[in-house]
Amino acid sequence: MKIYDFLIIGAGSAGCNMAYFLHKENKSVAIVDREGIAGGASGAAGAFLSPLPGKENPYNSLVNEALKYSLNFYQNLLPIAVDKKGVLRVANENFDKDKLSQNSMKCEHINSEELLNISKNFMDIEGYFYENAAVIEPIQICHELTKGCDFYNLDAAELYFENGIYTLEGIRAKNIILAQGVSSSLVKIPYMQISPIFGLRVDVKTTTKVPFNIHKSISISTNKHDGTLSIGATQERHDSSKMECLTTCDKCTFYVNNDEMKIETLLKQADALIKLEDLEVVKIYKGARATIKSYFPLVGKVVDYEQTLKKYSSIKNGTKIPSENLEYYPNLYVINALGSRGFVFGPYLAKILTQNIIHNEQIPKEISTQKLFYKMARKN
Ligand SMILES: Cc1cc2nc3c(=O)[nH]c(=O)nc-3n(C[C@H](O)[C@H](O)[C@H](O)COP(=O)(O)OP(=O)(O)OC[C@H]3O[C@@H](n4cnc5c(N)ncnc54)[C@H](O)[C@@H]3O)c2cc1C
């Protein structure tokens, strides 16, 4: 029976990008998902790829570095699924005019008169235009990424490990990649505390031509290849600690009976930016973004929290134990907490993790599993 080099749990942006990069390294790859390819948050994403303006800091540097890499990557992978027309950012409470203008990225201020010359449908707004931004087709992209890999539509319940081989529902593999988004992790990773941010986005038809993406608190895309444009997304946190987070948000009690209100809010916010004529909502998408408190994503080998603390209980008191001495689950890796930027981070992080697994290249500390492990071990 076939033994794959890698078995990936979760076919969202994280898992599909891992499948792509591992397959490119000539590894045999199987990928499983209970909802199909891009059936979780990834199928619901806008999916806008935009810079994060503001004075340089470790987080926006990571985002902007990832954006540069990933945008170029998608354009080479599947140009038909990428609309790169830039984004106009309009000041809001998080990003005032100072923050939008003072940053290392090239941008251009466009006043309301200039905007009206571009389209008479713009409202009385002004903003900063960033060239390096796009909207992509997330589902098409995820399918393209998994070409050459075997896909299994199943709900992974338990992993078995024996004689150096993992088995899941009869599928056998030497290595496991956990890319499960907001779902409960198949393996205990207590230092990865995922909290979901739920969201809704719509695709609409309109006779209005939108020249580029527009972002204030929500985003409106330019007209896409299929003639629709995306408006998204809402952001809601709710106490999901008492329930298993279902990746298919249609089944989530949180959404029952309040879609219409959320759509109305989105359309109202869009209307304050540009008048969309003959508007018709054609599709609604819902999903939950996986985030951790620091907002940094997480990649790397999975540290076995309990075994490591059993071996080195003094870590709790601050004793420094080098990361290579920690106890790890054998051949088991995680890529998660991509937050609201899963398609900006996806290719960039998958490349980093693949280089780490295959060529032993180091993972930047900020996004490493070890960083969160030490933080939690010392806190407790
Ligand atoms: C409304 C909305 C709008 C968004 N807009 C943008 C945007 O404009 N730009 C952007 O970059 N990002 C956006 N995001 C964020 C982006 O969608 C996420 O960051 C990204 O999809 C996360 O990818 P993932 O692979 O980690 O998770 P997911 O896409 O959720 O994938 C995880 C998968 O694992 C599967 N799974 C989990 N456990 C199991 C199991 N035990 N057995 C089988 N399968 C399992 C799930 O079914 C799921 O398909 C948006 C998100 C939402 C919800």
Side-chain angles (χ1 to χ4, degrees), residues 12-18 20-21 41-42 45-75 84 86-87 89 94-95 99-100 102-107 128 130-136 138 141 145 177-179 181-182 189 191-195 197 213 215 219 235 289-302 323 333-357 359 361-376:
S13 172
C16 294
N17 273 294
M18 279 310 295
Y20 175 87
F21 283 99
S42 299
F48 298 92
L49 308 182
S50 306
L52 187 55
K55 239 168 139 185
E56 220 172 291
N57 62 45
Y59 184 69
N60 66 17
S61 300
L62 177 73
V63 170
N64 294 326
E65 195 56 38
L67 173 70
K68 224 183 324 165
Y69 178 82
S70 300
L71 191 41
N72 191 35
F73 170 83
Y74 294 127
Q75 283 180 303
K84 181 180 177 269
V87 64
R89 289 206 56 146
N94 291 334
F95 282 92
K99 220 169 175 181
L100 286 179
Q102 286 171 18
N103 60 74
S104 56
M105 274 167 305
K106 213 178 94 198
C107 64
Y128 290 84
Y130 297 84
E131 210 173 81
N132 207 31
V135 60
I136 62 168
I141 293 272
L145 288 168
I177 311 279
L178 301 174
V182 292
I189 314 180
Y191 46 90
M192 180 180 79
Q193 294 181 344
I194 297 283
S195 80
I197 301 180
N213 298 338
H215 179 84
S219 298
Q235 299 213 8
R289 311 157 178 93
T291 58
I292 53 176
K293 219 171 170 185
S294 69
Y295 284 105
F296 278 92
L298 177 71
V299 297
K301 218 170 171 196
V302 180
S323 61
Y333 306 86
V334 66
I335 171 165
N336 207 336
L338 275 54
S340 297
R341 297 176 188 274
F343 283 90
V344 177
F345 283 137
Y348 184 71
L349 296 180
K351 183 160 188 286
I352 290 177
L353 183 53
T354 303
Q355 295 293 324
N356 171 261
I357 298 171
H359 303 294
E361 283 184 21
Q362 225 176 352
I363 290 175
K365 201 168 134 208
E366 287 299 344
I367 57 172
S368 68
T369 45
Q370 290 91 355
K371 183 181 174 204
L372 283 184
F373 164 79
Y374 286 124
K375 197 167 169 208
M376 184 168 184

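Position 1 is the first residue of the sequence; numbering continues from there. Keep in mind that this is a model prediction, so the values were computed, not measured.
In terms of heavy atoms, C107 sits closest to Y130 at CB-CE2, 3.5 Å. F48 and V344 get closest at one heavy-atom pair: O-CG2, 4.2 Å. The shortest non-hydrogen separation linking P53 to R89 is CD-NH1, 3.5 Å. Minimum heavy-atom separation, F343 to A45: CE1-CB, 3.7 Å.
For the atom pair OG1 of T354 and CD1 of I335, the computed distance is 8.0 Å after rounding to the nearest 0.5 Å. Residue I363 holds its CD1 atom at 7.5 Å from CD1 of I357, rounded to the nearest 0.5 Å. Between atom CG of residue L145 and atom OH of residue Y20 there is a gap of 7.5 Å, rounded to the nearest 0.5 Å. Separating the CG atom in L67 from the CG atom in N72 is a distance of 10.5 Å, to the nearest 0.5 Å. Considering CG of L52 and CD of E65, their distance stands at 13.5 Å, rounded to 0.5 Å. Atom CD1 of I177 and atom CG of L353 lie 5.5 Å apart (nearest 0.5 Å).
Inter-residue side-chain proximity for I352 and I367 is flagged as met; some heavy-atom pair is nearer than 4.5 Å. Proximity of F373 to S368: side-chain heavy atoms (C-beta onward) are nowhere separated by under 4.5 Å.
No side-chain donor-acceptor contact under 3.5 Å links S61 to the backbone of E56. Side-chain atoms of N17 come within 3.5 Å of backbone atoms of S13 as a donor-acceptor pair (strictly under, hydrogens ignored). Judged purely by atom type and a 3.5 angstrom limit, N336 uses its side chain to pair as donor or acceptor with the backbone of G181. Side chain of Y374 to backbone of S323: a donor-acceptor contact under 3.5 angstrom is found.
In this structure, the side chain to side chain donor-acceptor pair (under 3.5 Å) partners of K371, at least two apart in sequence or on a different chain, are E366. Residues forming a side chain to side chain donor-acceptor pair (under 3.5 Å) with Y333 (at least two apart in sequence, or on another chain): none. In this structure, the side chain to side chain donor-acceptor pair (under 3.5 Å) partners of S219, at least two apart in sequence or on a different chain, are H215. Applying the ring-ring contact (aromatic ring centres under 6.0 Å, His included) test to F21 and every residue at least two apart in sequence or in another chain returns F73. Evaluation of the side chain to side chain contact (heavy atoms under 4.5 Å, CB included) rule for E361 yields Q355, H359 as partners, not counting sequence neighbours.
The side-chain contact (heavy atoms from CB on, under 4.5 Å) test with P51 singles out one residue from N60, V63, L71, V87, and that residue is V87.
Heavy-atom neighbours of K351 NZ from other residues, nucleotides or ligands within 6.0 Å: at or below the threshold of 12.
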Please tabulate, for the side chains in residues 289-299, all donor-acceptor contacts under 3.5 angstrom to protein atoms that are two or more places apart in sequence or on a different chain.
unit_1, atom_1, unit_2, atom_2, d
R289, NE, S340, OG, 3.4
R289, NH1, I197, O, 3.3
R289, NH1, F198, O, 3.1
R289, NH1, T234, O, 3.3
R289, NH2, T234, O, 3.0
T291, OG1, S195, O, 2.8
S294, OG, F296, N, 3.2
Y295, OH, R237, NH2, 3.0

